[in-house]
Amino acid sequence: MKRRILAGITSNLLFQIMNAIIQLIGIPLCLNYWGENYYGEWLLLFTIPGYFSVADFGLGSSSSAEMSMMEESGKTDEIRKMLRSTFWFVVLWGILPFGLLIVSNYYLPWSSWLNLQVISIAEFKITFPILVLYIYLSLFLTLPINFYRVIKKYHTERYISAAYKFLEFLVLLILIIRGCGVFGVALGYLVLRMIFFIYLVLDLTYRTPLFRLFPFEIDFKDMRKIFRPGVASLFIYLGTNIMNQGLNTYIGITMGSGKLVMFNTIRTFVNLIKQVINILNLSIYAEYSYAYGSGSKEKLLKIFRTGMALNILIGGVGCLGLLFIGPPLISWWTNGAVVVDHVFYYLFLFYTFLGTMTAVNFAMLSATNRFKDLGIVFLLLVIFFIVVISFWMPGTGLTNTAVLLICFELVILFLSLRMVLEILEMGWRDIASKFVPNRDDILFK
């Protein structure tokens, strides 16, 4: 297990370094060639199809967690059936929402609703369907990507995904330098993602007899056990998406593209901490499934408290460092184009630190398919949050938005930790005595 985790950390490190480099170079590049307003509207344009990126009911993640637990029991035939049923259900179901979204492009005044000033109506109408297809393709990419966890080759998928991220950035770089606008970049993204999907299917088919998408079948009996955790997972992803895209939409419409660029720049910069945290959480994710599938609560506890300790350490050190060097780095990074709102920045750092702890809880709950009712609670809290800032606090600026984000994260941290304690069959009093890592824990040996 330790070898798998270390391999996952190494491959994730490469992926996150690649992602960080792309973000650090990509934002100044877009600002330089496209300008602040055009780039801000590109971000806003992406938010609409992005809302539908969770239209797979969360079955991609819940099925991969279930198949990972099945693998521990040697249920190979059940894995094949669940894979085919889930994949084809997601493909067919996704046609409905994404088809309607494409049709709406010709009947609804999206451009006016989004208050686009720089991107023309004609440019919007040819770009929007391309972005919809790009997001639709991501629905059934989830299963092949997650299947590497099932066959315990997670690190391999990270290397492949890192190569894909580099190629996607290369496409952006070439197209922007050659003078292409949002349509050219969107089309380049779509073509590359199609190639990536085909490669994943061929690679997995070659690697393992477990991965077979044909013959076509959808058996709801095979999917019954993953629907409830899948829907709960869907609510989590949907809530997260509404949070991210909703904030973009709200800030872009009410505060202008300039504030939206500043908000996204700060979020991208600070999220470098989350990317480091994800290196660990994603590497350990499958181990939660294996431990839970084998019925070992002791091993599950060791993995969890190791992850929590490292997340708190990395998140705390990272946020403390960015507290002092962040604003001048952002100014240098964007060549002075983005002026940091310091109060919002400091509050957003604290919100990010709280999120590093919540991330550990969510990784365990997702990997064991034990979200229960947390999904719907999470979604309702997100909707309440968006309603508050949209209707009760319009025009109050970014500071109050950051305060609400902190309150939201504290509630989610409490609720998710309570569910983790239920899985481990522990109470709140056990936190002080049993949650402290020791030398016998994973990675500390």
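Only this structure's heavy atoms are used, side chains among them; waters, hydrogens and symmetry mates stay out.
In this pair, Phe414 and Trp428 present their aromatic rings parallel. The plane angle is below 30°, not in the 30 to 60° band.
Inspection of the Tyr285 and Ser366 side chains reveals an N or O donor paired with an N or O acceptor under 3.5 Å. Under 3.5 Å, the side chains of Arg193 and Tyr164 contain a donor-acceptor pair of N or O atoms.
If you take CZ on Phe385 and CG on Leu404, they are separated by 5.5 Å, rounding to the nearest 0.5 Å. A distance of 9.0 Å separates OH of Tyr189 from CG of Leu175, quoted to the nearest 0.5 Å. Residue Arg418 holds its CZ atom at 9.0 Å from CG of Leu374, rounded to the nearest 0.5 Å. Atom OH of Tyr290 and atom CD1 of Ile303 lie 11.0 Å apart (nearest 0.5 Å). In this structure, the separation between CG on Leu280 and CE on Met308 is 11.0 Å, given to the nearest 0.5 Å. Expressed to the nearest 0.5 Å, how far CZ of Phe408 lies from CG of Leu413 amounts to 11.5 Å.
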Q) Passes side-chain contact (heavy atoms from CB on, under 4.5 Å), Ser161 versus Phe196? Steps please. A) CA-CA 9 Å; Ser161 293; Phe196 180 51; 4.0 Å; yes

Q.
Tyr345 vs Leu322, test: side-chain contact (heavy atoms from CB on, under 4.5 Å). Steps then yes/no.
A. CA-CA 10 Å; Tyr345 177 76; Leu322 292 184; 3.5 Å; yes

(Q) I'd like to know whether Ile135 forms a side-chain contact (heavy atoms from CB on, under 4.5 Å) with Leu101, so could you lay out the CA-CA distance, the side-chain angles of the two residues, the decisive distance to 0.1 Å, and finally the verdict. (A) CA-CA 11 Å; Ile135 300 297; Leu101 195 57; over 6 Å; no

Q: Determine, stepwise, if the pair Phe378 / Phe235 fulfils side-chain contact (heavy atoms from CB on, under 4.5 Å).
A: CA-CA 7 Å; Phe378 181 88; Phe235 289 149; 6.0 Å; no

Q: Evaluate the criterion side-chain hydrogen bond (donor to acceptor under 3.5 Å, both in side chains) for residue pair Thr358 and Glu409; output intermediate values, then yes/no.
A: CA-CA 8 Å; Thr358 306; Glu409 196 66 40; 2.8 Å; yes

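The closest donor-acceptor contact from the side chain of Glu41 to the backbone of Ile119 lies under 3.5 Å. Between the side chain of Tyr136 and the backbone N or O of Val91 there is at least one donor-acceptor pair closer than 3.5 Å. Between the side chain of Ser416 and the backbone N or O of Phe362 there is no donor-acceptor pair closer than 3.5 Å. Counting only distance, with no hydrogens or angles, the side chain of Arg212 and the backbone of Thr208 share a donor-acceptor pair below 3.5 Å. Checking side-chain atoms of Lys274 against main-chain N and O of Thr356 turns up no donor-acceptor pair under 3.5 Å.
Judged by the 6.0 Å and 45° rule, Lys299 forms no cation-pi pair with Tyr292. A cation-pi arrangement is absent between Arg267 and Phe348 under the rule of less than 6.0 angstrom and at most 45 degrees off the ring axis. For the pair Arg84 and Phe214, the NZ or CZ position fails the cation-pi test of under 6.0 Å to the six-membered ring centre and within 45 degrees of the ring normal.
The two residues Met70 and Ile79 make their nearest non-hydrogen contact at CB-CG1, 3.8 Å. Minimum interatomic distance between Arg149 and Ala286 (heavy atoms only, all atoms of both residues): CD-CB, 4.1 Å. Taking every heavy atom of both residues into account, Ile312 and Phe353 meet most closely at O-CE1, 3.8 Å. In terms of heavy atoms, Pro144 sits closest to Phe197 at CG-CE1, 4.3 Å. Pairing each heavy atom of Ala65 with each of Ala367, the nearest pair is CB-O, 3.5 Å. Leu349 approaches Val270 most closely through the heavy-atom pair CD2-CG1, 3.8 Å.
When side chains are defined from C-beta on, Ile102 counts as touching Leu133, because their heavy atoms get closer than 4.5 Å. Looking at heavy atoms from C-beta onward, Asn361 lies in side-chain contact with Phe304 at the 4.5 angstrom threshold. At a threshold of 4.5 Å between non-hydrogen side-chain atoms, the residues Phe128 and Tyr106 do not count as touching. Side-chain contact between Leu213 and Leu143: absent, with no pair of heavy atoms (C-beta onward) separated by less than 4.5 Å. Put simply, the side chain of Ser64 does not reach to within 4.5 Å of the side chain of Phe147, judged on heavy atoms. At a threshold of 4.5 Å between non-hydrogen side-chain atoms, the residues Pro229 and Phe371 do not count as touching. No side-chain heavy atom of Cys30 sits under 4.5 Å from any side-chain heavy atom of Trp42. Asn311 places none of its side-chain heavy atoms less than 4.5 Å from the side chain of Met357.
With salt bridges taken as basic N to acidic carboxylate O contacts below 4.0 Å, one links Asp203 and Arg207. The residues Glu425 and Lys297 are annotated as salt-bridged, a charged nitrogen and a carboxylate oxygen being separated by less than 4.0 angstrom. Arg370 and Glu422 are not joined by a salt bridge, as no carboxylate oxygen comes within less than 4.0 angstrom of a charged side-chain nitrogen.
Other residues, nucleotides and ligands contribute over 12 non-hydrogen atoms within 6.0 Å of the CZ atom of Phe216. The number of heavy-atom neighbours closer than 6.0 Å to NZ of Lys153, taken from other residues, nucleotides and ligands shown, is 12 or below.
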